[in-house]
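Worksheet: the structure to be examined is printed underneath.
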Amino acid sequence: MKDIEKVLNLNGVEYPVVFNLNVMQAIQDEYGSLDAWGNRTEAKQEGDKLTKEPDARAVIFGFTEMINEGIDIRNEKEKRNDPFLSNRQVGRIITEYGLAKAVALQNQTVIESSQSVEKN
C-alpha cells in the first residue's frame with residue numbers, strides 16, 4: 001500500500017484525503033470488506049441519466065475517515081491541533097464540491113493507494 005494524499009480544495013480550504021490501513025480497517029469494520037463498501041459508493045451514469053446512485057452514507061463515511069486520517073497525519077507531522085470533521089460537515093463539503101467529483105476523487109485515492117509498489 002502506498003502513502004498517497006490527495007487534496008480536496010474547496011473555497012480556499014484544503015482538506016487532505018488519505019487512504020491507508022487505518023482507513024481500510026474502519027471501512028472493513030463498518031461494511032465487512034472494501035468490495036462491499038466500493039459497491040455501495042459507485043455510481044453509474046448513461047449519458048445525462050444516473051442509472052445507479054451511490055449510497056450517500058457510505059460515501060460520507062469513507063470521506064470522513066479519509067479526511068480525518070489526513071488531518072491526524074498533518075497534526076502529527078506539523079505539530080498542529082486541527083479538529084476532526086463530523087459526518088455532517090463532510091456531507092456539506094461533498095455537496096458543495098459535487099458528489100460525482102468527490103466520488104471520483106475518493107475512488108482515485110483508494111486505487112492509487114492500493115497499487116503495489118513492488119514489481120513482480
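The first residue of the sequence shown is numbered 1, and numbering continues consecutively from there.
- Between N11 and E96 there is a side-chain heavy-atom pair separated by less than 4.5 Å.
- Residue R88 places its CZ atom among 12 or fewer non-hydrogen atoms of other residues, nucleotides or ligands, all under 6.0 Å distant.
- At least one side-chain heavy atom of P54 sits less than 4.5 Å from a side-chain heavy atom of L99.
- Taken to the nearest 0.5 Å, the CD1 atom of I93 stands 10.5 Å off from the CD1 atom of I60.
- Between the CD atom of Q25 and the CG atom of L34 there is a distance of 11.5 Å, given to the nearest 0.5 Å.
- Counting only heavy atoms from C-beta outward, the side chains of R74 and E5 approach each other to under 4.5 Å.
- Nearest approach of P16 to G70, heavy atoms of both residues: CG-C, 3.5 Å.
- Of the inter-residue distances, the one linking L21 atom CG with M24 atom CE reads 6.0 Å to the nearest 0.5 angstrom.
- For the ring-ring contact (aromatic ring centres under 6.0 Å, His included) condition, the pairs that include at least one residue of residues 60-91, sequence neighbours left out, are Y31-F61.
- Residue E42 holds its CD atom at 11.5 Å from CG of D55, rounded to the nearest 0.5 Å.
- The line from CD of E78 to CD1 of I73 is 11.0 Å long, rounded to the nearest 0.5 Å.
- In this structure the side chain of Q108 never reaches within 4.5 angstrom of the side chain of I4, judged on heavy atoms.
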Margin query: Let's go through V7 and V17 carefully: what are the C-alpha distance in whole Å and the side-chain angles of both, what is the deciding distance for side chain to side chain contact (heavy atoms under 4.5 Å, CB included) to 0.1 Å, and is it a yes or a no?
Written below: CA-CA 6 Å; V7 176; V17 180; over 6 Å; no
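- Side chain of S114 to backbone of I111: no donor-acceptor contact under 3.5 angstrom is found.
- A donor-acceptor pair under 3.5 Å is formed between the side chain of Q89 and the backbone N or O of S86.
- Atom CG in D82 sits 5.0 Å away from atom CG in N75 (nearest 0.5 Å).
- With sequence neighbours excluded, no residue forms a ring-ring contact (aromatic ring centres under 6.0 Å, His included) with Y97.
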Notebook entry, point to check: Given Q106 and K6, is the side chain to side chain contact (heavy atoms under 4.5 Å, CB included) satisfied, shown in steps?
Noted result: CA-CA 9 Å; Q106 188 176 55; K6 299 288 186 183; over 6 Å; no
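- Proximity of a side-chain donor or acceptor of W37 to a complementary backbone N or O of Q28 within less than 3.5 Å is not detected.
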Check: Given the rule in the salt bridge (Lys or Arg N to Asp or Glu O under 4.0 Å) test, do E30 and R57 qualify, once you have shown the distances and angles that lead to the verdict?
Finding: CA-CA 11 Å; E30 187 71 19; R57 182 180 180 283; 2.5 Å; yes
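- By the 4.5 Å heavy-atom criterion applied to side chains, I94 and V59 are counted as neighbours.
- Within the 4.5 Å cutoff, the side chain of V18 has no heavy atoms near those of the I67 side chain.
- One N or O on the side chain of N68 and one on the backbone of L85 form a donor-acceptor pair closer than 3.5 Å.
- Within the structure, every pair that satisfies the side-chain hydrogen bond (donor to acceptor under 3.5 Å, both in side chains) test and touches residues 13-22, not counting sequence neighbours, is listed here: N20-E69, N22-E69.
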